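First the proteins, then the strands, lettered A, B, ... as listed; each starts at 1. Being a predicted model, the structure only gives us computed values, none of them experimental.
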Amino acid sequence: MLLVDLVRERFAAALNQMGLDGTSLSQRVTAVRDTQFGDYQANLAMSLTKQLGIQDPMQIAQDIVQRVDLSGLCEPAEIAPRGFINLKLKNSTISKALNEVAQSNRLAVHPVAKPRTYVVDYSSPNVAKPMHVGHIRSTVIGDAIAKILKFLGHKVITDNHLGDWGTQFGMIIYGYKHFLDPAAFAADPVPELSRLYRVVHQLIDWQSTEKELPKTKLAVEKAEEKLAKVQAEFGAVAATDKKAKRSIEDAQKELKNHQEKLKKLEDTTEARKQQPDLSSACDKHPDLETRVLQETAKLHAGDAENKALWDQFLPLCLESIHHIYDRLDIQFDMELGESYFHNRLGPLVQRLLDNGMAKISEGAVCVFLNGFEVPMLIRKQDGAYLYATTDLATIEYRVETFKPDAILYVVDHRQGDHFSKLFATAKQIGYDQLELNHVSFGTVLGKDGKPYKTRSGSVVGLEPLLDEAIERAFQVVESLPIPTEEKREVAQTVGLGAIKYADLVHNRTSDYVFDLEKMVRLDGHTSAYIQYSYARTCSILRNAGISMSEPIAPEVDFVLDHSAERTLALMLLKFEEVLLHVTNDYMPNLLADYLYDVSKSYSSFFEQCPVIKAETEALKQSRLALCQLTGRTIKQGLELLGINVVDRM
RNA sequence: GGUGCCAUAGCUCAGUUGGAUAGAGCAACGGAUUUCUAAUCCGUUGGUCGGGGGUUCGAGUCCCUCUGGCACUACCA
């Protein structure tokens with residue numbers, strides 16, 4: 001049981017005596033914000049003045065404190081101005097709780113009383129496209145959430161819902177048929193497939209630029225005219241009339257937007273001139289986007305040639321992305337891509353038509369939703385199925401197969417609209433008991449505050465980033481007096497941890513600026529600092545001849561006289577609460593923050609409290625046990641974030 | 001046009017169901033080293049929490065409004 005709940009129980013009993021709802025009110029006993037006030041605070045009195053008809057919150061606080069029995073748990077409660085009740089745990093309470101943690105092989109984190117079944121859908125890249133920095137977030141956040149849920153005793157199925165059936169395959173199939181470099185393909189097929197993807201993508205981009213250019217020029221002209229008109233009409237009164245001023249500003253803004261777009265298109269046109277070969281290919285393959293869609297449609301329709309190419313390409317692509325997952329040390333329970341659900345789409349749509357859930361509108365099959373202006377399209381006019389169709393079929397499959405209580409989609413926030421419609425559709429067609437949750441996250445930005453791209457505008461590949469992080473870590477480790485082989489291992493662990501931690505420590509809903517230099521800096525708020533703290537716990541235990549895994553005694557009498565000892569001890573006891581808190585709203589950054597706090601508390605303890613040279617044997621035992629518990633907590637916590645530790649670094 | 005998200009220290013970011021004097025890291029400055037790992041610790045400087053209004057005993061947090069930014073906006077995924 002959580003320490004805070006022990007305290008709450010005592011308050012609940014006292015509040016019940018007063019004729020109040022103790023169970024719910026006692027939730028207002030929480031850890032203090034500011035440790036100068038103690039360990040816990042009860043913010044009850046000031047909110048009960050009306051209910052109790054007593055004006056003075058201090059008097060209510062008095063009443064509560066007189067009734068609450070904290071014996072054997074806390075020091076006598078103190079009442080502070082404005083009715084705060086401040087609590088301090090008895091050191092014996094902390095010592096007892098620490099012993100429970102020490103004797104437990106899971107740090108006294110209890111399996112949840114009501115385990116749920118979760119399907120966690122994360123990473124889910126399009127396999128034919130090269131993986132880039134944007135894929136880190138889904139992968140790392142999803143992995144951490146799944147591990148934490150599992151550790152808490154939930155049943156968790158992780159699924160990498162690969163994009164292996166979409167337009168991108170039409171693109172590489174088309175590229176393969178027209179732009180293949182056979183020698184390159186024979187030598188190493190995956191880079192050649194990536195190149196084909198990029199070529200086709202480039203040509204399509206150029207063609208849409210061609211189309212957009214005249215339109216945009218026209219739009220700029222129109223915006224200029226509009227601005228002139230508005231200025232003529234309102235210019236004279238703009239200084240005094242807010243509305244007039246606003247009209248002019250809007251017109252200016254509109255013009256600026258169109259001008260910027262035009263500039264971009266012109267730049268693209270200019271860049272195209274630098275590549276005459278590709279440019280002429282562009283002319284030879286007009287309306288490429290349609291051609292690509294046709295190749296995709298043929299694949300979906302079972303065309304023998306395209307299916308054979310797909311069968312040839314897919315294993316190659318999978319091998320390539322698995323190589324990255326191996327490096328990231330990420331495993332999935334399943335990898336059922338979109339292609340897996342292909343055969344379910346037709347029957348699903350037919351069933352929804354038959355039972356009246358879906359209707360045909362303008363030749364497309366739609367599910368009309370309450371609260372949404374536009375319906376969910378599940379089959380196009382041309383008979384092709386959509387992303388949404390696959391998603392519904394996937395829900396259907398998951399419910400049939402796993403009977404989950406919840407499905408989590410760890411996908412970036414730009415797909416929020418899609419998911420709210422998807423979930424509404426699912427609910428409407430009968431999945432109303434299922435928690436469908438879009439665990440969304442923000443965009444990875446470059447230092448310019450725009451989505452992270454290279455200078456030339458292409459996305460940044462994932463592997464070079466991993467290489468660089470590991471290389472930088474290696475440079476730091478270089479001087480350590482350990483074998484080269486071990487240095488490599490340390491660099492690997494530290495470099496990878498740096499990238500994962502930097503991603504996890506940010507609130508997932510925020511955009512964040514990707515700054516490799518900062519995250520591998522190895523000081524400040526980084527994983528290296530936490531890993532270093534772990535290595536220091538190992539070092540002390542090593543010097544004392546004690547193992548990390550075995551409890552050092554059946555029972556330790558923890559000495560908590562030094563404030564650094566006490567702070568560290570309380571920090572260690574918060575582990576379970578933090579994990580539960582993480583799963584409340586699927587926020588792994590709370591665990592990342594916690595581990596940093598543990599490390600800071602440990603560093604402070606390390607500076608001030610000699611362990612092996614402690615004044616007495618009893619003190620030494622107590623401090624050794626604190627080191628061991630710190631090490632175990634950090635190791636377990638980082639593991640739940642998908643980050644490893646090393647014994648020395 | 002509509003919908004959603006965001007705005008906190010010079011920079012990058014935290015901030016729990018609304019709680020006491022708003023935090024961390026980096027940067028800047030000043031200290032600590034006969035070391036159980038200095039990849040460390042201790043201290044100083046730094047804020048009208050975008051503006052205004054409201055609810056509340058109490059608002060960075062909830063509501064309204066304005067400003068600024070981003071995203072999404074049915075036959076792509």
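- Residue A/Ser420 is out of contact with every strand shown, counting any heavy-atom pair closer than 4.0 Å.
- Annotation: ring pair (Phe, Tyr, Trp, His ring centres under 6.0 Å) contacts of A/Phe441 (sequence neighbours excluded): none.
- When heavy atoms are screened at a 4.0 angstrom cut-off, A/Phe37 is found touching base atoms of the nucleic acid.
- Across A/Val411, A/Ile141, A/Asn160, A/Val410, a single residue satisfies side chain to side chain contact (heavy atoms under 4.5 Å, CB included) together with A/Tyr122, and that is A/Val410.
- Here the side chain of A/Gln36 is nearest to one of B/A20, B/U21, B/U37, namely B/U21.
- Residue contacts for A/Asp391: at a heavy-atom cut-off of 4.0 Å it reaches no nucleic acid atom on any strand shown.
- In this structure, A/Met376 reaches neither bases nor backbone, as no heavy-atom distance under 4.0 Å exists between it and the strands shown.
- Going from the P atom of B/G4 to that of B/A20 covers 31 Å, rounded to whole Å.
- Scanning for side-chain contact (heavy atoms from CB on, under 4.5 Å) contacts around A/Arg648 gives A/Ile482, A/Pro483, A/Glu486, A/Arg542, with sequence neighbours left out.
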*Going 5' to 3' along nucleotides 70-77 of chain B, which nucleotides have protein heavy atoms under 4.0 Å from the base (write B), which only from the sugar-phosphate (write S), and which from neither (write -)?*
-SB-BBSB
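- Rounded to whole Å, the P atom of B/G15 lies 10 Å from the corresponding atom of B/A7.
- Note on A/Asp647: a base of the nucleic acid sits closer than 4.0 angstrom, heavy atoms only.
- Checking the phosphate oxygens (OP1, OP2) of B/C41, a side-chain nitrogen or oxygen of A/Tyr529 falls inside 4.0 Å.
- Sequence neighbours left out, the pairs with a member in residues 494-504 of chain A that pass salt bridge (charged side-chain N to carboxylate O under 4.0 Å, His left out) are A/Arg137-A/Asp503.
- Near RNA chain B, defined here as any heavy-atom distance below 4.0 Å, the residues from residues 588-598 of chain A are A/Asn589, A/Asp593, A/Tyr596, listed numerically.
- Within the 4.0 Å cut-off from OP1 or OP2 of B/A24, not a single side-chain nitrogen or oxygen of A/Lys600 is found.
- Every residue two or more places apart in sequence or in another chain that forms a ring pair (Phe, Tyr, Trp, His ring centres under 6.0 Å) with A/His525 is listed here: A/Tyr501, A/Tyr596.
- Residues forming a ring pair (Phe, Tyr, Trp, His ring centres under 6.0 Å) with A/Tyr197 (at least two apart in sequence, or on another chain): A/His201.
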Show every donor-acceptor pair shorter than 3.5 Å between a side-chain atom in residues 163-174 of chain A and any protein atom, with sequence neighbours excluded, or say none if there are none.
unit_1: A/Asp164; atom_1: OD1; unit_2: A/Glu338; atom_2: N; d: 3.0
unit_1: A/Asp164; atom_1: OD1; unit_2: A/Ser339; atom_2: N; d: 2.8
unit_1: A/Asp164; atom_1: OD1; unit_2: A/Ser339; atom_2: OG; d: 3.4
unit_1: A/Asp164; atom_1: OD2; unit_2: A/Ser339; atom_2: OG; d: 2.8
unit_1: A/Trp165; atom_1: NE1; unit_2: A/His300; atom_2: NE2; d: 3.3
unit_1: A/Trp165; atom_1: NE1; unit_2: A/His342; atom_2: NE2; d: 3.4
unit_1: A/Gln168; atom_1: NE2; unit_2: A/Gly163; atom_2: O; d: 2.6
unit_1: A/Tyr174; atom_1: OH; unit_2: A/His285; atom_2: ND1; d: 2.6
unit_1: A/Tyr174; atom_1: OH; unit_2: A/Arg291; atom_2: NH1; d: 3.0

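- The phosphate of B/C42 has OP1 or OP2 within less than 4.0 Å of a side-chain N or O from A/Ser604.
- The residue A/Val611 sits close to a base: some heavy atom pair falls under 4.0 Å.
- Within 4.0 Å (heavy atoms only), A/Ala544 reaches no atom of the nucleic acid at all.
- Among the nucleotides B/A39, B/A20, B/U37, the one closest to the side chain of A/Leu480 is B/A39.
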Just list the side-chain donor-acceptor pairs under 3.5 Å for residues 41-55 of chain A, sequence neighbours left out, or say none.
unit_1: A/Gln41; atom_1: NE2; unit_2: A/Asn43; atom_2: OD1; d: 3.3
unit_1: A/Ser47; atom_1: OG; unit_2: A/Leu44; atom_2: O; d: 2.9

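- A/Phe37 pairs by the ring pair (Phe, Tyr, Trp, His ring centres under 6.0 Å) definition with nothing, not counting sequence neighbours.
- With C1' as the reference atom, B/G60 and B/U21 are 15 Å apart, rounded to whole Å.
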Check: protein-nucleotides 58-63 of chain B nitrogen or oxygen pairs below 3.5 Å:
unit_1: B/G60; atom_1: O6; unit_2: A/Arg33; atom_2: NH1; d: 3.1

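- Residue contacts for A/His581: at a heavy-atom cut-off of 4.0 Å it reaches a base atom on one of the strands shown.
- Pairing analysis of RNA chain B (Watson-Crick: purine N1 to pyrimidine N3 plus N6-O4 or O6-N4; G-U wobble: N1-O2 and O6-N3; both under 3.5 Å) yields stems of 3 or more pairs at B:1-7 with B:67-73, B:10-13 with B:23-26, B:28-32 with B:40-44, B:50-54 with B:62-66.
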